[in-house]
S.K.: 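Right, I'll just put the structure down here and ask away after.
Quick note: numbers below take in every heavy atom, side chains included, and nothing from hydrogens, waters or symmetry partners.
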Amino acid sequence: KSMSISMASVGAYVKLAKDGTVEDCRIALGAVAPTPVRAHNAVADLIVKKLDDSAFEAVGEAVQKDMNPRDPSVRSTVTYRRAVVPVLVKRTCKLAAYGECM
């Protein structure tokens, strides 16, 4: 008997303005808190910015404030989640904005 569960998950909606800045954005996080959460700090850091390397660095730092992973957990460690979620947020936002991970 086994079960397939996520160690961490991210979903994102990104709407770009004509000038390439983020007009609207929503980011949801799973398995990084007792219940799924919206990443309001990360979103606030992206609004009205162009999606470039510095924007993604900032959103990676900001998403840490949106997380409250349990420790211990049967899924993964807090250290792992804190390391992988910023990467997932970056990839998911690129996919949502451009249709591919650039």
S.K.: What pairs of residues pass the salt bridge (charged side-chain N to carboxylate O under 4.0 Å, His left out) test when at least one of them lies in residues 48-66, not counting sequence neighbours?
M.R.: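 Sorted result for residues 48-66: Asp45-Lys49.
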S.K.: If I compare all heavy atoms of Val32 with all of Ala8, which pair ends up nearest, and what's the gap?
M.R.: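 What the structure gives for the nearest pair is CG1-CB, 4.2 Å.
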S.K.: About how many Å separate CD1 of Ile27 and CG of Leu88, when rounded to the nearest 0.5 Å?
M.R.: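 Reported to 0.5 Å precision, the distance equals 11.5 Å.
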S.K.: For Pro86, run the side-chain contact (heavy atoms from CB on, under 4.5 Å) check against Val10, Val63, Val59 and tell me which one passes.
M.R.: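 Of the listed options, the one satisfying the test is Val63.
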S.K.: Taking only residues two or more places apart in sequence, or in another chain, which ones meet Pro69 in a side chain to side chain contact (heavy atoms under 4.5 Å, CB included)?
M.R.: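 Scan of Pro69 (side chain to side chain contact (heavy atoms under 4.5 Å, CB included), adjacent residues dropped) gives Met67, Val78, Arg81, Arg82.
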S.K.: In terms of hydrophobic clustering (I, L, V, M, F, W, Y; side-chain heavy atoms under 4.5 Å; direct or indirect links), are Leu29 and Val87 co-clustered?
M.R.: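 No, it is not one cluster - the side chains of Leu29 and Val87 are not joined through contacts under 4.5 Å.
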S.K.: State which residues pass side-chain hydrogen bond (donor to acceptor under 3.5 Å, both in side chains) with Arg38; sequence neighbours excluded, sorted by chain then number.
M.R.: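 So Arg38 forms no side-chain hydrogen bond (donor to acceptor under 3.5 Å, both in side chains) with any residue.
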S.K.: Please check if Tyr13 and Val85 belong to a single hydrophobic cluster, counting links between Ile, Leu, Val, Met, Phe, Trp and Tyr side chain heavy atoms closer than 4.5 Å.
M.R.: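 No, Tyr13 and Val85 fall in different hydrophobic clusters.
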S.K.: For Val14, enumerate each residue passing the side chain to side chain contact (heavy atoms under 4.5 Å, CB included) test, keeping only those at least two apart in sequence or located in another chain.
M.R.: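 Per chain and number, Val14 pairs via side chain to side chain contact (heavy atoms under 4.5 Å, CB included) with Leu16, Val22, Cys25, Leu51, Cys93, Ala96, Ala97.
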S.K.: Taking only residues at least two apart or on different chains, which pairs with a member in residues 19-31 satisfy side-chain hydrogen bond (donor to acceptor under 3.5 Å, both in side chains)?
M.R.: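 For residues 19-31, and leaving out neighbouring residues, the side-chain hydrogen bond (donor to acceptor under 3.5 Å, both in side chains) pairs sorted by first residue read Lys15-Glu23, Asp19-Thr21, Asp24-Arg26.
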S.K.: Please enumerate all residues that pass side chain to side chain contact (heavy atoms under 4.5 Å, CB included) together with Met7, with sequence neighbours excluded.
M.R.: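 Expected list: Ser76, Tyr80.
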S.K.: If I take atom CG from residue Asn68 and atom OG1 from residue Thr35, how far apart are they, to the nearest 0.5 angstrom?
M.R.: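 Rounded to the nearest 0.5 Å, the CG-OG1 separation comes out at 9.5 Å.
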